[in-house]
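Reading through the structure tokens given below for one structure.
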Amino acid sequence: MNYDVIVIGAGMAGLGAALSAQEYGAAVLLVEKAPFAQRGGNARRGSSFRASYGDMARLQPLISSFGQLDPAAVCIPPYSDDDYYHDLMAVTQGEADPELARTLVEESFGTLQWLKTLGVEFELNPKQTVRVGDSWYYPPGGPIQVKGGGESESLSAALFAQVEAKGVHVIYEARVRELLSSDNGGVIGVELDDAGGPRTVLSKAVVLASGGFEADAEMRKLYLGPEWERAKVRGTPYNTGDGIRLAFKVGADKAGDWKGAHAGMIDSRAPDVLSNNRAVRRSFPHGVIVNTDGKRFFDEGEDFEPLLYAKLGRAVLQQPGGIAFQIFDQKVRDLLSPYYKEATRVVASSLKDLAVQLQIAPEALEQTIEEFNRSIADVPFNPGIKDGKCTRGITPPKSNWAQALDSPPFMAFPGVCGITFTFGGVRINPKAEVLNTSGNSIPGLYAAGEVTGGLLYHHYPLGASFMNAAVFGRIAGEHAAKSE
Ligand SMILES: Cc1cc2nc3c(=O)[nH]c(=O)nc-3n(C[C@H](O)[C@H](O)[C@H](O)COP(=O)(O)OP(=O)(O)OC[C@H]3O[C@@H](n4cnc5c(N)ncnc54)[C@H](O)[C@@H]3O)c2cc1C
């Protein structure tokens, strides 16, 4: 069997690469490790895309539905290329590769438009908005998601429909074992195992799109640290670092933050491996988070939640027993995400009772909350903006949205670390070419998405991982198709 392009992995980057290569006239084989019923990788359940849309007028034609919202009541702040670049550099503490970051930002809006031509529908993300009076506020950069959200699986459904309609050949339950190299070191195909047994498939180019190593406990332990062995996996069980290992064997360089991962706080009773959004607890800016000692350890209001939640999991993992509790009172009950309705919880009419049920020393929790309540600046509360309603004189501070916990019954939601994806991977350039340790491209080898490193360090802004996979998947597909 010969193809022009072989794409390894049928998630966001792989589907994008396959469709892009096909558009440039390539005969494409898409190899996926998961069975058909579990296809789509992490992309199956994700939803938010971060793009520099400029202003509302430019974004609006992309949105097929405002849902229940009156468009006139929706407040979406402008978001320029520079805003996106600034957010990316801020959360990565200035370490993101500037060339990759610029490419991501500048290609982001065009990539959304491209996805729309491929049948992907977008809507305003109901989970990101906050109602203040008669208006609905969105944080800058994060207003849109795929129609129906992650649970609808509409993104991967649309892209697989295109792949099938356009004649991309997809094989499932197929695992690439080796990359084949020519005498000059260029990649010329793969060896894979599937239902038909082991076989060799030749091609002009190969695109690695096989995700990160989040589902491999040994690699997590080795690169992220020993405590990560016990992290729950929020994503697909199939992203076990295969593509990274394959690339290293043909001389690829490593890049990015090998100690970094996207990890949120998820329900303590969530299964060890799951791929959904329902278990993630993201309303913490409206309350406080304490550990089993009854102590706060995280600035719950440091920034808008989409710029914050993916580093909370790591902070929780570092607490005693790797568990923590989000605590709210009745004042903010209506601000909690709908997923809190089905969450593991403890409710009590006093902080003392709450502490007893959580097995926290009552006096410790009471002291933490009393100090917290006393430290709050006299500034109006406004969940729609960074309101500056902060604490003073306590560590860690809460920098925005600090309100006293004084309206029982109190609610506590126990959560643990759930890893979504890893940040370290193979080094690429803005053409998605894989680079070797001398900085030269490896002929015929491209990569995109989680399998690559260099863009994300320490943390991630909501929606940037999909955009990373989509932008560089599309670029990889184009250049792979043009490969000689
Ligand atoms: C529940 C959930 C919600 C998320 N929400 C968002 C969001 O709202 N916004 C956002 O930006 N990001 C989100 N993410 C992250 C985002 O989905 C991923 O980072 C993105 O899908 C990365 O694309 P990818 O193609 O690199 O990896 P994936 O989409 O995971 O695809 C990798 C594919 O490679 C396959 N594979 C692995 N090894 C092999 C092999 N040896 N041979 C063949 N195939 C292989 C896997 O089975 C998988 O299908 C979410 C993730 C999860 C789990």
Side-chain angles (χ1 to χ4, degrees), residues 6-18 29-36 38-51 104 108 125 127-128 142 144-146 149-151 153 155-156 159-160 170-179 190-194 206-216 233-246 261-264 266 270 273-280 282 306 309-310 418-423 425 447-452 455-456 460-473 476:
I6 298 171
V7 178
I8 305 175
M12 181 66 250
L15 289 162
L29 173 68
L30 181 52
V31 183
E32 170 53 50
K33 188 162 104 177
F36 178 89
Q38 291 177 55
R39 66 184 183 167
N42 280 344
R44 187 170 164 190
R45 293 275 162 76
S47 57
S48 299
F49 278 82
R50 178 170 295 259
L104 171 83
S108 63
N125 186 341
K127 294 195 291 300
Q128 290 305 322
I144 66 162
Q145 66 167 10
V146 296
E151 302 314 302
E153 303 179 14
L155 172 71
S156 58
L159 296 179
F160 275 113
V170 192
I171 48 173
Y172 297 99
E173 293 183 74
R175 183 180 180 143
V176 173
R177 221 177 340 98
E178 296 288 346
L179 298 176
V190 303
E191 281 180 10
L192 61 84
D193 297 316
D194 72 350
V206 171
V207 179
L208 295 170
S210 48
F213 59 86
E214 56 270 15
D216 187 286
V233 178
R234 183 190 161 217
T236 169
Y238 297 98
N239 287 3
T240 52
D242 299 1
I244 295 173
R245 283 190 291 260
L246 292 173
H262 174 300
I266 66 171
V273 182
L274 78 163
S275 183
N276 75 32
N277 300 299
R278 311 186 74 87
V280 188
R282 291 178 45 180
Y309 83 101
I419 184 170
T420 317
F421 59 90
T422 46
F423 294 165
E450 290 176 12
V451 73
T452 67
L455 199 60
L456 297 178
Y460 120 120
L462 176 75
S465 190
F466 259 153
M467 198 43 94
N468 173 33
V471 162
F472 288 99

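Start at 1 and go down the list; that is how both ligands and their atoms are numbered. Numbering of residues begins at 1 and proceeds along the displayed sequence.
- Those atoms of ligand 1 that come under 4.0 Å of a heavy atom in Gly46, given as number and element, are 3 (C), 4 (C), 5 (N), 6 (C).
- Using a 4.0 Å cut-off between heavy atoms, Ala209 contacts ligand 1 through its backbone alone, with no side-chain atom that close.
- When each atom of ligand 1 is checked for a heavy atom of Gly463 under 4.0 Å away, the hits are 9 (N), 10 (C), 11 (O).
- Neither the backbone nor the side chain of His262 has any atom closer than 4.0 Å to an atom of ligand 1 (non-hydrogen atoms only).
- To the nearest 0.5 Å, atom CZ of residue Arg245 and atom CD of residue Glu178 are 11.5 Å apart.
- In the vicinity of Ala174, heavy-atom distances shorter than 4.0 Å reach the ligand 1 atoms 42 (N), 43 (C).
- A donor-acceptor pair is defined here as one N or O able to donate and one able to accept, closer than 3.5 Å; no such pair exists between the side chain of Ser156 and the backbone of Gly40.
- Looking only at distances, no side-chain donor or acceptor of Lys33 sits under 3.5 Å from a matching main-chain atom of Arg175.
- Remark: ligand 1 and Ala13 share an N or O pair separated by less than 3.5 Å (distance only, no angle test).
- Residue-to-ligand polar distances keep Thr236 apart from ligand 1: every N/O pair is separated by 3.5 Å or more.
- Under a 4.0 Å criterion applied to the non-hydrogen atoms of Gly235, ligand 1 contributes the atoms 53 (C).
- When the heavy atoms of Glu32, Arg278, Lys33 are ranked by distance to atom 35 (C) of ligand 1, first place goes to Glu32.
- The shortest separation from a heavy atom of Gly150 to ligand 1 is not under 4.0 Å, leaving the residue out of contact.
- Within ligand 1, the atoms closer than 4.0 Å to a non-hydrogen atom of Met12 are 21 (O), 23 (O), 25 (O), 29 (O), numbered from 1 in the order shown.
- Checked against a 3.5 angstrom limit, the closest N/O atoms of Ser465 and ligand 1 fall inside it.
- In this structure, Asp242 and Val176 have side chains that are not in contact, with every pair of non-hydrogen atoms separated by 4.5 Å or more.
- Proximity of a side-chain donor or acceptor of Glu450 to a complementary backbone N or O of Gly212 within less than 3.5 Å is detected.
- Between the side chain of Ser48 and the main chain of Leu462, no donor-acceptor pair closer than 3.5 Å is present.
- At least one cation-pi condition fails for Arg39 and Tyr172: the charged atom is not both under 6.0 angstrom from the six-membered ring centre and inside a 45 degree cone around its axis.
- On a distance-only criterion, Arg175 and ligand 1 share no N/O pair closer than 3.5 Å.
- When heavy-atom distances to ligand 1 are checked against a 4.0 Å cut-off, Tyr460 comes that close only through its side chain, counted from C-beta outward.
- We find the CG-CG distance between Leu104 and Asn468 to be 6.0 Å, quoted to the nearest 0.5 Å.
- For the residue pair Thr236 and Asn42, no side-chain donor N or O sits within less than 3.5 Å of a side-chain acceptor on the partner.
- Evaluated by nearest non-hydrogen atom to atom 18 (C) of ligand 1, the leading choice among Glu151, Glu450, Arg245 is Glu450.
- The aromatic ring centroids of Phe423 and Tyr460 lie 6.0 Å or more from each other.
- Set against the non-hydrogen atoms of Ala464, the atoms of ligand 1 under 4.0 Å away are 11 (O).
- In terms of polar-atom proximity, defined here as any N/O pair under 3.5 Å, Phe466 does make such a contact with ligand 1.
- The distance from the CD1 atom of Ile6 to the CG atom of Leu29 is 5.5 Å, given to the nearest 0.5 Å.
- With 3.5 Å as the limit, one finds a donor-acceptor pair spanning the side chains of Thr420 and Arg234.
- Contact annotation: the side chain of Asp194 approaches that of Leu192 to within less than 4.5 Å [non-hydrogen atoms, C-beta and beyond].
- For ligand 1, the atoms lying closer than 4.0 Å to a non-hydrogen atom of Gly449 are 26 (O).
- Between Asn42 and ligand 1, at least one N/O pair is under 3.5 Å apart.
- Every N/O-N/O distance between Val451 and ligand 1 stays at or above 3.5 Å.
- Remark: ligand 1 atoms within the under-4.0 Å shell around heavy atoms of Thr420 are 50 (C), 51 (C), 52 (C), 53 (C).
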